[in-house]
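Note on naming: letters A, B, ... go to the chains in the order of the sequence lines (proteins, then strands), and numbering restarts at 1 for each one.
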Amino acid sequence: MATKDLPKKYNSLDTEKKWIDNWEKEGVYKYDAEASREKTYVIDTPPPTVSGSLHVGHVFSYTQTDIVARYQRMKGKNIFYPIGWDDNGLPTERRVQTLYGIRCNPTLAYDENFQLKKAKDGTKDQKEVSRKNFLEACEVQTGEDEKKYEALWRHLGLSFDWEQQYETINDHSRKISQASFLDLKDKGYVYSSKSPTMWDTTFQTAVAQAEVEERDKSGHYHDITFKTETNESFVISTTRPELLAACIAVVAHPDDERYQHLFGKHAITPLFHAKVPILPAEHADPEKGTGILMVCTFGDTADVDFWKSSDLPLKQIIGRSGKLVEITFGEDVFNSEKPVEANKVYSQLVGLYAKQAKKVMADLLAESGDLVGEPRPTEQIAKFYEKGDQPLEFISTRQWFIKILENKSSLIEQGKKIKWYPEHMYKRYEQWVEGLNQDWCISRQRFFGVPFPVWYKLDAEGEPKYDEPIYATMDMLPVDPQMDTAPGFDESQRGKANGFMGDPDVMDTWATSSVSPQVSSHWTIDDKRHAQLFPADLRPQAHEIIRTWAFYTITKSWMHEKKVPWHNIAISGWVVNPDRKKMSKSKGNTVTPEDLIETYSSDALRYWAGKAKLGQDTIYDENVFKIGQRLGTKVFNASKFVMMQLEDEEGNPCQATMADITEPLDKAWVTKINKLIEDSTRSFDKYEYNIVLSNVEASFWEFCDLYVELVKTRAYKQREQASGKSAQATLEWTLKTFLKLFAPFLPFICDEVWSWSFAQKEDQPSIHKAPWPAVETGEAFTQSSTQLIDLAKEVMMVARGEKSTQQKSLRWPVEEMIVEGTKEHLDSFATFAGDIALATNLKNNPVTKEISSKPEETFFNVKVTLSETKE
RNA sequence: GGGCGUAUAGCUCAGUUGGUUAGAGCACCUGCCUUACAAGCAGGGGGUCAGAAGUUCGAAUCUUCUUACGCCCACCA
């Protein structure tokens with residue numbers, strides 16, 4: 001394309017649209033299944049959670065990965081860069097519940113005529129629908145969201161191979177997840193057990209240690225008088241008086257002098273009159289409260305641990321919904337000296353939520369005189385499910401677990417085999433694994449997830465025989481035990497005595513996410529593909545999910561194949577507010593990524609992401625978008641200008657080649673850019689793309705403001721001579737090199753400029769498939785000293801400075817130029833004196849003065865005198 | 001309480017293995033229409049490198065301590 005046909009102004013939106021379509025049409029980012037493993041670069045892309053919208057934080061980290069992918073592609077690698085959508089799991093369920101005003105009731109039958117309608121905002125009414133209807137609604141909603149996500153990713157220029165797209169809930173992902181479960185079962189890493197588990201009462205599901213967070217919570221100490229069977233009394237402090245009915249023991253520290261006389265005796269709980277043992281226990285802290293406390297099933301993990309190591313009964317009074325369940329004192333484990341009274345008291349508590357029961361209990365204790373003084377406020381820390389707003393309870397339920405505690409040291413070893421960027425992020429992994437104290441609970445009592453490929457036989461009473469699970473076989477996957485019949489049974493036997501039932505639970509989302517490399521590699525389905533794609537080269541992810549996603553993925557890869565899932569892991573930082581706290585979604589959503597792209601361009605957003613160091617948090621600052629936007633415009637304008645130098649009056653392209661570069665200044669410039677190429681490649685290989693961008697950016701502005709200014713006249717006016725051809729060849733090569741160096745960061749403007757002439761010349765329609773720039777190895781460029789450039793810069797600065805000081809335009813003529821320096825300096829100067837004369841508009845030949853060398857001083861000195869008139 | 005990170009110009013950030021006078025962009029000031037670009041160009045002011053001590057001929061950089069902030073973890077009656 002001749003420069004006269006180029007648009008006057010750069011329009012980023014039009015350009016983006018054009019290239020998004022072109023890339024798709026040309027299949028630029030397609031993965032080649034036939035390439036060898038060595039030639040392939042595999043990225044284990046994080047599937048973003050489908051929860052309505054993406055924010056600037058996503059743009060930030062996904063772009064950083066794309067920059068690496070584009071670099072590797074230009075290095076000649078066959079890129080495997082898939083994208084998945086994490087639509088499986090609780091976030092989707094919650095969204096569907098509020099958006100459509102429906103709730104899943106698995107006991108209902110499927111309603112074929114059910115019409116899905118958006119609910120009015122703020123409505124609390126939720127219609128109950130069958131499991132199948134609910135799951136269909138989830139799929140409709142995630143399908144909508146995924147379309148929006150895809151549009152943004154395409155607009156941002158992420159170079160995914162869209163043919164590799166997947167959802168974590170689709171049949172393929174279910175199949176791999178279930179295969180993973182069965183493989184771990186075969187290898188002995190999976191077990192199910194009924195034991196106290198952290199339980200969220202709102203979502204009514206078990207949760208894993210990794211999904212738990214601690215929050216401050218205000219509570220009250222209640223001092224309650226206990227009596228012993230021999231009528232001695234003592235006072236315990238508790239923040240959970242509502243659990244009094246679940247009290248199984250009273251404990252104090254074994255060395256606590258104050259309570260020695262009580263050990264071995266029994267206490268009688270107030271109001272419920274239950275006889276419980278008084279025992280020594282290490283976890284009782286003499287400094288806290290009164291030093292003696294009640295153990296309930298279950299107030300906290302200390303209670304759980306104590307209960308597990310004792311033979312004491314389980315008194316479960318908190319139900320799955322967080323309400324106090326019906327129990328009868330005098331029956332089963334609920335012993336009482338005065339059952340009638342106890343039941344009378346309990347009848348005022350039953351059916352209440354724990355929080356309500358706490359108040360009622362306090363009142364009852366006050367009434368009976370067992371409460372000492374008023375409850376005292378205290379700040380405590382409570383465990384919460386990260387997505388929940390009620391504290392977790394410990395409830396004894398049957399769950400599936402993966403054995404991680406006994407494998408901690410192996411898992412730490414696996415972590416060490418992976419290269420972490422930045423390196424210190426490994427510490428977080430190590431510390432997390434070392435601190436683990438529970439096996440991984442992978443079952444959830446939810447619906448929109450991957451079901452366990454398991455059924456249970458029912459006995460003559462219709463009770464499930466959990467110790468005799470019926471597992472699906474690999475060839476049956478994926479299965480839904482709620483819909484598919486257990487092997488060896490007939491569907492009519494479902495739920496009947498001596499029949500079967502499907503395992504009602506689904507897997508934790510992470511149980512699927514943790515096989516993301518295997519989902520992509522088609523593990524257990526396509527051995528050839530798996531061998532080509534596993535282990536992956538790179539896992540990009542954020543640091544807060546090292547304990548979940550990274551850890552679980554490493555765990556599963558080790559359990560399945562004794563391999564690491566990837567060789568490198570790159571941890572991105574967060575986008576933070578000026579107060580250095582993580583940018584909240586609500587704030588991020590006030591300006592959507594689409595708005596920002598329209599205002600500043602995709603390349604500008606990518607520039608912002610590319611300037612940030614891996615692992616380092618970045619303050620959200622729209623100024624950086626502006627700078628990126630200006631860089632894009634500059635690339636456009638400068639490229640247009642350089643192209644002009646490479647054409648004759650009719651717009652025919654010049655034919656200068658590298659062999660035409662003969663002028664010393666031009667050779668020095670090529671040498672300088674050679675060094676930039678070298679440095680950039682080295683930094684990129686260490687995932688330090690931000691350094692590359694900074695260096696390339698700085699060099700590019702120097703190219704525009706110094707080198708181009710120096711040689712433009714020569715290139716244009718002496719186009720038929722060797723000196724002109726030398727400048728033209730250098731300009732062309734430099735521009736091409738800059739475009740390639742910028743291409744991973746600014747893919748749109750770079751491909752646009754590339755298409756003007758390089759695409760034809762190089763026979764490569766997209767710069768993103770063009771080879772990464774190589775150092776020019778000709779002797780002319782390796783022997784040249786870049787000092788020439790520094791000297792030229794010095795002279796230009798003096799001339800420009802003088803004009804600026806005298807408030808004259810840069811075209812103002814220079815009457816006289818005196819250059820002082822050593823012989824070496826002057827010889828160097830002579831090689832580009834002609835360019836200087838043209839660039840500074842010098843009227844007379846420069847006057848040179850040789851001075852003898854004094855090694856410890858600088859003696860290159862330039863003086864200019866401006867003309868009196870503009871002529 | 002334990003671990004990790006960060007602290008450099010008013011703001012956002014570079015600063016490689018210690019090495020001249022610590023850099024860039026934005027903002028600010030003074031000018032300038034120059035074969036593309038005023039979304040540009042030229043010039044300028046602005047820093048006790050969080051603080052203290054140490055190692056060294058030499059420290060923003062290495063060591064120790066302190067302070068502030070952020071993140072992760074820890075049984076939280």
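For Lys808(A) and C32(B), a side-chain-to-base donor-acceptor distance below 3.5 Å is absent, hydrogens and geometry of angles not being considered.
Between C26(B) and Gln629(A), no contact under 4.0 Å exists linking OP1 or OP2 to a side-chain N or O. Remark: Lys8(A) is in phosphate contact with C37(B), judged by side-chain N or O atoms under 4.0 Å from OP1 or OP2. Residue Tyr221(A) has a polar side-chain atom (N or O) positioned under 4.0 Å from OP1 or OP2 of A77(B). For G40(B), the OP1/OP2 oxygens have a side-chain nitrogen or oxygen of Arg630(A) closer than 4.0 Å.
Considering CG of Asp5(A) and CH2 of Trp756(A), their distance stands at 11.5 Å, rounded to 0.5 Å. In this structure, Ile569(A) CD1 and Tyr421(A) OH are separated by 12.0 Å, a value rounded to the nearest 0.5 Å.
Across Phe306(A) and Leu279(A), no two heavy atoms sit closer than the pair CZ-CD1, 3.9 Å.
The gap from the C1' atom of A9(B) to that of G18(B) amounts to 23 Å, rounded to the nearest Å. If you take atom C1' in G25(B) and the same atom in G40(B), they sit 15 Å apart, rounded to whole Å. Distance noted for atom P between U17(B) and G70(B): 30 Å (whole Å). Of the P atoms belonging to A68(B) and C62(B), the separation is 23 Å, rounded to the nearest Å. For the C1' atom pair drawn from A22(B) and C76(B), the interatomic distance equals 49 Å after rounding to whole Å. Nucleotides A53(B) and G44(B) have their C1' atoms positioned 39 Å apart, rounded to a whole Å. Here, U8(B) and G51(B) have their P atoms 10 Å apart, quoted to the whole Å. Taking atom P on both nucleotides, G3(B) is separated from U64(B) by 13 Å, rounded to a whole Å.
Nucleic acid contact class of Gly219(A) (heavy atoms, under 4.0 Å, all strands): none. Note on Ser639(A): nothing from the nucleic acid sits closer than 4.0 angstrom, heavy atoms only.
For Thr239(A), taking side-chain heavy atoms from C-beta onward, the closest of the listed nucleotides G2(B), U34(B), A77(B) is A77(B). Nearest nucleotide to the side chain of Gln645(A), out of C75(B), U35(B), C32(B): U35(B). Listed candidates were C4(B), C26(B), A77(B). Nearest to the side chain of His424(A) is C4(B). Of the candidate nucleotides C76(B), U35(B), C4(B), U35(B) has the atom nearest to the side chain of Met644(A). Side-chain proximity of Gln431(A) to G70(B), A36(B), G2(B): nearest is G2(B). Side chain of Thr633(A), nearest nucleotide from U35(B), A42(B), A39(B): A39(B). Minimum atom distance to the side chain of Ser809(A) is reached by C33(B), of the listed C33(B), G43(B), C71(B).
Place His543(A) and Arg811(A) on RNA chain B by their nearest nucleotides, and Arg811(A) ends up nearer the 5' end. Mapped onto RNA chain B by nearest heavy atom, Ile691(A) and Lys383(A) fall at different nucleotides, with Ile691(A) at the one closer to the 5' end.
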* To do: Would you please test Arg240(A) and Asp303(A) for side chain to side chain contact (heavy atoms under 4.5 Å, CB included) and show each step?
  => CA-CA 12 Å; Arg240(A) 302 207 59 183; Asp303(A) 288 348; over 6 Å; no
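No close placement of the Trp420(A) and Tyr687(A) rings is indicated, their centers lying 6.0 Å or farther apart.
If you run ring pair (Phe, Tyr, Trp, His ring centres under 6.0 Å) between His543(A) and each of Tyr429(A), Trp432(A), Tyr426(A), Trp574(A), only Trp574(A) comes through.
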